[in-house]
Number of protein chains: 2
Amino acid sequence: MSIFFSRQCEYAIQSAVYIAKKQVGEWTTVKELTGHLNVPYHFSGKILQNLSRKGVLISMKGTRGGFALAKPAKEVTLFDIVDAVDGSAFHTACVMGFPKCGDGHKCSLHDQWHLLREKIYQMLVKKSLNDLARDMDKPGYQILP
Amino acid sequence: MSIFFSRQCEYAIQSAVYIAKKQVGEWTTVKELTGHLNVPYHFSGKILQNLSRKGVLISMKGTRGGFALAKPAKEVTLFDIVDAVDGSAFHTACVMGFPKCGDGHKCSLHDQWHLLREKIYQMLVKKSLNDLARDMDKPGYQILP
DNA sequence: TTAATATCGGACAAATAAGTCTGATAAATA
DNA sequence: TATTTATCAGACTTATTTGTCCGATATTAA
């Protein structure tokens with residue numbers, strides 16, 4: 001099911017994109033979010049709480065409360081979300097899991113994989129939540145209902 | 001721990017590389033394998049049995065038994081191993097997990113990711129077990145003890 | 001034929017990830 | 001102030017992955 005990110009991380013990304021579509025100053029509740037996304041209600045709560053502990057989101061309790069981005073959507077990258085949820089171990093670990101693989105003893109895929117994962121990193125770090133939200137509103141890109 | 005492949009798949013790859021270093025006609029036992037690799041004994045058995053069910057390995061019971069490649073190491077690609085263990089869902093699923101992402105409704109990363117995963121696929125399908133075994137015997141590439 | 005040594009099959013146990021529930025707390029509104 | 005509605009914290013359950021155990025079967029060698 002999940003390919004490169006954990007399922008929790010996929011949920012986090014989708015939620016962040018949804019929230020990034022909102023006007024500045026608007027709050028998004030878990031109820032609204034899970035009404036539009038295919039994410040379990042209580043699990044969503046956990047994920048958003050985690051993102052606000054990590055400083056990606058801010059939260060407000062009470063009747064008109066909810067979650068919002070801690071920074072402008074232009075300044076939050078996809079990598080920020082991934083890093084907050086899954087970490088960035090993919091940047092150092094051997095793709096085939098060889099324990100000794102490193103600069104001294106490189107595995108047969110080491111250099112190739114290094115290049116590819118750098119491209120993946122660039123893809124994540126260059127894409128802001130603003131980019132994502134904008135793209136997914138274009139015709140042919142619509143995904144969220 | 002595991003980055004792109006499941007841990008079981010990492011074990012399978014490492015085991016396949018080890019076996020590919022053997023002469024044609026030699027059998028490798030689970031005991032020998034787990035003596036050299038950092039893979040749990042009984043788990044290793046399961047993994048190799050699975051690979052032989054999938055036709056990647058052949059097996060022989062009894063005193064001089066063990067496992068061996070079903071085909072010459074030149075003809076077995078890394079993708080064959082990955083496909084046998086983890087499948088090839090990474091080829092079709094949306095990297096951010098958007099349920100409706102497809103040719104009609106592409107997500108914002110769709111095309112970029114398509115390119116990258118094709119490069120990953122090429123990396124896997126172009127690398128034979130023979131290549132891997134050869135590379136990992138070179139100085140600076142040594143990983144298996 | 002017997003003993004030793006290997007895979008095979010299935011059930012089982014442990015660890016991790018995913019998902020749920022409940023009571024507490026804080027903010028807004030009546 | 002009381003009620004409503006939201007997040008928050010932690011314990012809990014379920015599902016999946018990882019890892020273990022044991023008895024059966026097949027092969028070799030004494």
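Naming convention: chains lettered A, B, ... in sequence-line order (proteins, then strands); numbering from 1 in each chain.
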Check whether B:N130 reaches the backbone of B:A20 with its side chain - one donor and one acceptor, N or O, closer than 3.5 Å.
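No: the side chain of B:N130 does not pair with the backbone of B:A20.
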Separation of [X] atom [atom1] from [N] atom [atom2], in whole Å?
| X | N | atom1 | atom2 | answer |
| --- | --- | --- | --- | --- |
| B:E10 | D:dT17 | CD | P | 15 Å |
| A:E32 | D:dT7 | CD | P | 10 Å |
| B:N50 | D:dG19 | CG | C1' | 15 Å |
| B:D86 | D:dT16 | CG | P | 16 Å |
| B:L51 | C:dT7 | CG | C1' | 14 Å |
| B:I47 | C:dC8 | CD1 | C1' | 15 Å |
| B:K31 | C:dT5 | NZ | C1' | 9 Å |
| B:I58 | C:dT7 | CD1 | P | 13 Å |

Are A:K127 and A:D135 close enough that some pair of their side-chain heavy atoms sits under 4.5 Å apart?
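Yes, at least one pair of side-chain atoms sits under 4.5 Å.
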Are B:T77 and B:K126 packed together at the side-chain level, in the sense that at least one heavy-atom pair is separated by less than 4.5 angstrom?
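No, every pair of side-chain atoms sits at 4.5 Å or beyond.
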Can you list every ring-ring contact (aromatic ring centres under 6.0 Å, His included) pair that touches residues 115-135 of chain A, not counting sequence neighbours?
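Sorted result for residues 115-135 of chain A: A:F79-A:Y121, A:H91-A:Y121.
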Pairs: protein N or O with nucleotides 17-23 of chain C N or O, under 3.5 Å:
from   : atom 1 : to    : atom 2 : distance (Å)
C:dA18 : OP1    : A:R7  : N      : 3.2
C:dG19 : OP1    : A:R7  : NH1    : 2.7
C:dG19 : OP2    : A:Y11 : OH     : 3.4

Validation: residues 57-71 of chain A side-chain donor-acceptor distances under 3.5 Å, sequence neighbours left out:
none

May I ask you to verify if any side-chain N or O of A:S59 is less than 4.0 angstrom from the OP1 or OP2 atom of D:dC8?
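So the side-chain polar atoms of A:S59 do come within 4.0 Å of the phosphate oxygens OP1 or OP2 of D:dC8, strictly under.
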Got a sec, which residues hit side chain to side chain contact (heavy atoms under 4.5 Å, CB included) with B:S44, two or more places apart in sequence or on another chain?
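With sequence neighbours excluded, B:S44 shows a side chain to side chain contact (heavy atoms under 4.5 Å, CB included) to B:V30, B:L33, B:T34, B:V39, B:L48, given in chain and number order.
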Non-neighbouring partners of A:A84 that pass side chain to side chain contact (heavy atoms under 4.5 Å, CB included), sequence neighbours left out
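Applying side chain to side chain contact (heavy atoms under 4.5 Å, CB included) to A:A84 gives A:L51, A:K54, A:V56.
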B:K22 and B:T28: side chain donor to acceptor below 3.5 Å:
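On atom types as modelled, these side chains qualify, holding a pair under 3.5 Å.
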Could you list all N or O pairs between the protein and nucleotides 26-30 of chain D that sit under 3.5 Å apart?
from   : atom 1 : to    : atom 2 : distance (Å)
D:dT27 : O2     : B:T63 : N      : 3.2
D:dT27 : O2     : B:T63 : OG1    : 3.3
D:dT28 : O2     : B:T63 : OG1    : 3.2

Tell me if the CG atom of A:N38 is crowded by more than 12 foreign heavy atoms within 6.0 Å.
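No, because the 6.0 Å sphere around CG of A:N38 holds 12 heavy atoms or fewer from other groups.
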